[in-house]
There are 2 protein chains.
Amino acid sequence: MATMRDVAERANVSIATVSFVINGTKRVAPETRARIEAAIEELDYRRNVVARALASSRTRILALLHPDLEARPNATVIQFVMSAAHGARERGYDLVLWPVNDDEQMSHLLAGGLVDGALLMEVQIRDSRVDRLVASRVPFALIGRTENDDLPFVDIDFATTIDLAVGHLRSFGHQRIALVAQRTKAGNEPGRIMRAKAAYLDAMAALGRPPAVVAVEGTSAGGREAAHKLHDDFPDATAVILVNEGASAGLVKGLRALGRTVPDDLSIISASTTRELGEMIEPSLTVMAAPAPQLGRLAADALIDQLEGVQDTPPHILIPCTLVPGQSVGPAPDRSSTSRPEPKRERNAQTDS
Amino acid sequence: MATMRDVAERANVSIATVSFVINGTKRVAPETRARIEAAIEELDYRRNVVARALASSRTRILALLHPDLEARPNATVIQFVMSAAHGARERGYDLVLWPVNDDEQMSHLLAGGLVDGALLMEVQIRDSRVDRLVASRVPFALIGRTENDDLPFVDIDFATTIDLAVGHLRSFGHQRIALVAQRTKAGNEPGRIMRAKAAYLDAMAALGRPPAVVAVEGTSAGGREAAHKLHDDFPDATAVILVNEGASAGLVKGLRALGRTVPDDLSIISASTTRELGEMIEPSLTVMAAPAPQLGRLAADALIDQLEGVQDTPPHILIPCTLVPGQSVGPAPDRSSTSRPEPKRERNAQTDS
DNA sequence: CTGAAAGCGCTTACAG
DNA sequence: CTGAAAGCGCTTACAG
């Protein structure tokens, strides 16, 4: 592999001049530049990224840190990764997905000088990784938020998202609206769950309705469990908002197994997911599509602005999900006469064509 | 950030000795070692990965190269990434997902000296990225195969997978079996599609049945299109094998819209996907689960063996998918009397509880 | 068992 | 406009 020295020799210049041409850091006489460029071409020279990094203490590599991804369909995460990678690339940075499991690994990575900055996903309300990040003095931006709001972040605006979902349901006459959240290990709650829950509780309070919250795993089995819990504990709910992508399909299946039809008996909105997921389910789910493509890019931009000393980036960016109507929301059934719906025992009919 | 020099000074040794202790590359007197370890601890020293890489021309970083991921649920890819990352970590390597769009980017990465080796996913039958990889002289392993078989690879054994699927369907009496493949840009065919198709054609020939192949996009819309094509072009098919994860849900929805019940009218197996995807669909799909967890790990091992000069790794590893029965395969309906099934016009019934 | 020193391939003041 | 040289923080023969 050709080095800068080889290029310099072939072009009859010093390696400093080669460096200036490659980086555009200084004026170089046109004919000198031409000679150097020719030499680079002829030798198929490519700058050694590691040496450059050591000399300049910059690598132009950004890490997107993510805890172990589960094996469930996770289109949102992929959208984050890809849009952040594109945004970074446009500004001359590489962005890589770095699966990092424990704090020690993270310190190793951050202290190693290998990345110029980091993006952190799946931020918890209390997140020791954030502390590590702060301690490491590596510039970073969060995708999500901790409980304290003075770190730079981009996040889904869950409060607005839930308000939009509740508003949509109310426009169909729904008053008794349940929330299906994601069950989390104790003390390890993602901010999105907490914030969505808080927004939901506010909305219910404003409506003068008691809240109905169910938390289950983000799996099909979790979704079926949610169907049973809703059926048993909140039989008068006419609509449900999911903040649990992975449980969406299972919830519909579970309801159907219980003889409850979507949306005739129960309307459903799945918040913070993708329209693709909505389309997979029958009936097609009305979803609040996560702004992952925008947020990934904005996160990359925010981080790079920080690295390059750009001052005018807002430290916090919030974007709500977008309503994508499907076929899972319908008029609220009239429950005024019966306190509990009569579970239909016959096989239920299809609701879409 | 403390450097090795700081540690050496504090421990009253040379930096060489510090290096020996950190890397375990040479014997060091116990008390010297203890002094050095104490100094490391006190200074919270962490080796600079970039400097180490430059000096040793090894980074212990592996890149998993993936072309732009689409926004569809792609659990299999995530499984590959995570299992490969775990396998690498156990052997002291970091593995990152590097979204790489064009050949130029890839050359930049490979020539930069930043990664010791590469794993390439979504390998096409003819793949210019593979040529780049070979030219770069960076060690690599493929996940998938090109048309020539002498490069190291791990891959799903599609021939066996299709045979198992056909065998399963035959045990239910099916003879007319269609294949739903993935539509690809011309000249850009993933090996898996081609190999699955070939295995299917062989199986049909052995059965003495004409093949019925439909190719659609890997989306819900693609799946619905497949339902129509099957209904119009191959109305006597009693079973279908999908090699198109993204179209699975849409196919079931499309069939139902056409009044065809799964599995009463048509049995379905979705090959090379995850059991999680199968569970999301109603009825739960019988799937051939991709051996992504094993293959990711094996790919990482194969690559690292190569890097470390381990000779006894088989250059090619093939593992078939595993049958995970769901509720989408049933006895073949008797079609002997009618050449074309009477499309049911009434709403269809559920098939699972 | 330990150290002095060269070298990995660049960048970047500094001098001219 | 161009170059000589120091330095980034390590590893690794080589010598003792």
Side-chain angles (χ1 to χ4, degrees), chain A residues 1-37 39-40 43-61 92 108-116 138 307, chain B residues 1-37 39-40 43-61 92 108-116 138 307:
Chain A
M1 187 107 302
T3 72
M4 195 173 269
R5 168 147 280 112
D6 299 328
V7 174
E9 277 173 13
R10 189 179 190 96
N12 263 309
V13 294
S14 75
I15 60 165
T17 309
V18 176
S19 177
F20 298 150
V21 167
I22 290 178
N23 296 306
T25 33
K26 269 196 189 175
R27 306 197 60 76
V28 172
E31 58 274 29
T32 312
R33 165 187 298 278
R35 275 213 316 286
I36 292 172
E37 280 168 351
I40 289 174
L43 296 171
D44 193 28
Y45 168 74
R46 280 162 220 277
R47 171 174 52 206
N48 181 307
V49 177
V50 174
R52 172 166 135 103
L54 183 58
S56 65
S57 48
R58 301 198 52 189
T59 61
R60 301 190 80 84
I61 296 176
H108 160 78
L109 166 66
L110 297 172
L114 209 87
V115 300
D116 286 352
V138 170
L307 291 174
Chain B
M1 188 106 303
T3 70
M4 195 173 266
R5 169 147 280 112
D6 300 328
V7 174
E9 278 171 13
R10 190 179 191 96
N12 263 310
V13 294
S14 73
I15 59 164
T17 308
V18 176
S19 177
F20 299 150
V21 166
I22 289 177
N23 296 305
T25 33
K26 269 196 189 173
R27 304 198 61 77
V28 172
E31 59 275 28
T32 312
R33 163 185 302 275
R35 276 212 316 287
I36 292 172
E37 280 167 351
I40 289 175
L43 295 170
D44 194 27
Y45 168 73
R46 280 164 221 276
R47 170 173 54 203
N48 182 306
V49 178
V50 174
R52 172 165 133 104
L54 183 59
S56 65
S57 49
R58 301 198 51 190
T59 61
R60 302 190 79 86
I61 295 176
H108 161 78
L109 166 67
L110 297 172
L114 207 91
V115 299
D116 286 352
V138 169
L307 292 173

Report yes if the side chains of [X] and [Y] come closer than 4.5 Å at any heavy-atom pair, otherwise no.
X     : Y     : value
B:I40 : B:I22 : yes
B:D6  : B:T3  : yes
A:V7  : A:L43 : yes
A:N23 : A:R47 : yes
A:V28 : A:V13 : no

Once you apply a heavy-atom cut-off of 4.0 Å, does [X] come out as touching a base, just sugar-phosphate, or nothing?
X     : result
B:V50 : nothing
B:S19 : base
A:T25 : nothing
B:V49 : nothing

Study note, to complete from the structure: For DNA chain C, the dot-bracket notation using Watson-Crick and G-U wobble pairs below 3.5 Å, [ ] for pseudoknot-type crossings and | for other-strand pairs, is |||.||||||||.|||
Review point. Near B:R5 CZ, under 6.0 Å, is it more than 12 heavy atoms from other residues, nucleotides or ligands?
Key: no
Check your understanding: Looking at A:A11 and A:A39, what are the two nearest heavy atoms and their distance?
Key -> CB-CB, 4.1 Å
Exercise for review: In sequence, state the C-alpha distance, the side-chain angles, and the governing distance for A:L114 and A:I61, and then conclude on side chain to side chain contact (heavy atoms under 4.5 Å, CB included).
Suggested key: CA-CA 7 Å; A:L114 209 87; A:I61 296 176; 5.5 Å; no
**Study point:** Of B:F20 and B:L54, the one whose closest DNA chain C nucleotide lies more 5'
**Key:**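 Here B:F20 is the residue nearer the 5' end.
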Review point. Which nucleotide of DNA chain C is the first, and which the last, in the 5' to 3' direction, to come under 4.0 Å of a heavy atom belonging to chain B?
Key: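 Going 5' to 3' along DNA chain C, contacts run C:dC1 to C:dG9.
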Check your understanding: Of B:N48 and B:A16, whose closest DNA chain D nucleotide lies nearer the 5' terminus?
Key ->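 Taking each residue's closest nucleotide, the earlier one in sequence belongs to B:N48.
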